[in-house]
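Take a look at the structure set out below.
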Amino acid sequence: MLDYIYADNAATTQLDKGAFDAMSPYMLEMYGNPSQPYSFSRTARKGINEARKIIADCIGAKPEEIFFTSGGTESDNWALNSIAMGSNRMLDKAIVVSEIEHHAVLNPSRRLQEEGIPFYTISPDRDGLISPQKLDNILGQTNCGLVSIMTANNEIGTIEPIAELCEVAHAHGAIFHTDAVQAIGHIEINVNSLGIDMLSASAHKFNGPKGIGFLYIRNGIPIRPFLIGGAQERNCRAGTENVASIVGMAYALRENCLHIAENIQYISSLEDRFLSQLSKSDASFKINGALVKLPGLISISFEGQDGEAILHRMDLKKIAISTGSACDSKRTEISHVLKSIGLEENYAKGTVRISLGKNNTYEDVDKIVDSLVKIIVN
Ligand code: PLP
């Protein structure tokens, strides 16, 4: 897709070439089942062990605290179900999540509510920030077992005050889970300095392969096995491991973490150029989200316009952007995040998400602005 500009890096990212090269021997040559005892399988087992250690080092965790999953959705579902169900179930204890969580957190919470678990949501301010004071108030009125608040929002990029929110949750005796799917590999995350008990991640958001992710579970947090069958992942997530993808995920995460400062600087400079170029045009627009947000993720609203029409017209110009969140592309109503931050309907309907990544260039940015202005102003 040489002549296509990809500016939807919050939906997915291009696989790192080094990760691809690291993966292929595990598919073509070292394809043994890692659970088998013979030496042919030893390399596959070693690959998994090394990957677990690399990933743990990237987030300040211990290797045994990393559990491989099929991605963000599974990790989120596991985290919520682990605490709320089975022998771990803290009777009558509630789940509290933010209103702007991904559906991978909201929908399992709603199902748990149908099954009798008290469930409360906490609303953000107009920038998408969740206030620790507000969380404190809610937790003061509920008997809460689990708080789940995302590290950074996938539609507007707002980065939440995770350390403060963790502190509040812990002061009320609750476990803290964060969906870090959009944030990990893009901003510094250390589970210990932040105080996180459980964290969800998905490789394809940080230049790893699709269909692989992990759930971090701090030692001592009660775990309920998610998939039951074989003894993989310490009896907690059965099924033959996706060895090549696990290796590719670790490679991509390490690569991103090693270059995090320079990536942030470069992507922020792309974003600055985008905003300054657009400001020079006749297009009037409004940027959503907080000042502290994911670099390169720009949620932009054009009053009275139709976001979906903008997306399709940009597609005709061979530029990929998104309306609300990619996981919502089939729903045409205003996204729950834009509603929740109180964005007026005439702006919300004309909202698009442009997410720039490390593979974008200044030339891409100029073409994106040029095309957007032609669509909006003419
Ligand atoms: N959580 C967030 C914040 C996301 O943005 C996404 C995907 O867009 C997911 C969870 C789901 O991740 P996956 O597609 O790996 O299941």
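Just so you know, residue 1 is the first one in the sequence shown, and it goes up from there. Atoms within each ligand, like the ligands themselves, are counted from 1 in listed order.
- The structure places CG of Asn235 at 10.5 Å from CD1 of Ile228, a figure rounded to the nearest 0.5 Å.
- Using a 4.0 Å heavy-atom cutoff, Lys205 is listed among the residues neighbouring ligand 1.
- Phe40 and Tyr31 have perpendicular rings, their planes meeting at more than 60° on a 0 to 90° scale where under 30° would count as parallel.
- Heavy atoms from both the backbone and the side chain of Thr73 come within less than 4.0 Å of ligand 1.
- Of the N and O atoms on the side chains of Ser123 and Lys134, at least one donor lies less than 3.5 Å from an acceptor on the other residue.
- With ring centers used as reference points, Tyr362 lies 6.0 Å or more from Phe274.
- Checked by distance only, ligand 1 and Gly72 come closer than 3.5 Å through their nitrogen or oxygen atoms.
- For Asp315, the side chain to side chain donor-acceptor pair (under 3.5 Å) partners are Tyr4, not counting sequence neighbours.
- Of all the atoms in ligand 1, the ones that sit under 4.0 Å from a non-hydrogen atom of Ser202 are 13 (P), 15 (O).
- Taking only nitrogen or oxygen atoms, main chain and side chain alike, Glu74 does not reach within less than 3.5 Å of ligand 1.
- By the 4.0 Å heavy-atom criterion, Lys210 is excluded from the residues contacting ligand 1.
- Each of the atoms 3 (C) of ligand 1 lies under 4.0 Å from some heavy atom of Met150.
- Residues satisfying the side chain to side chain donor-acceptor pair (under 3.5 Å) test with Asn207, not counting sequence neighbours, are Asn256.
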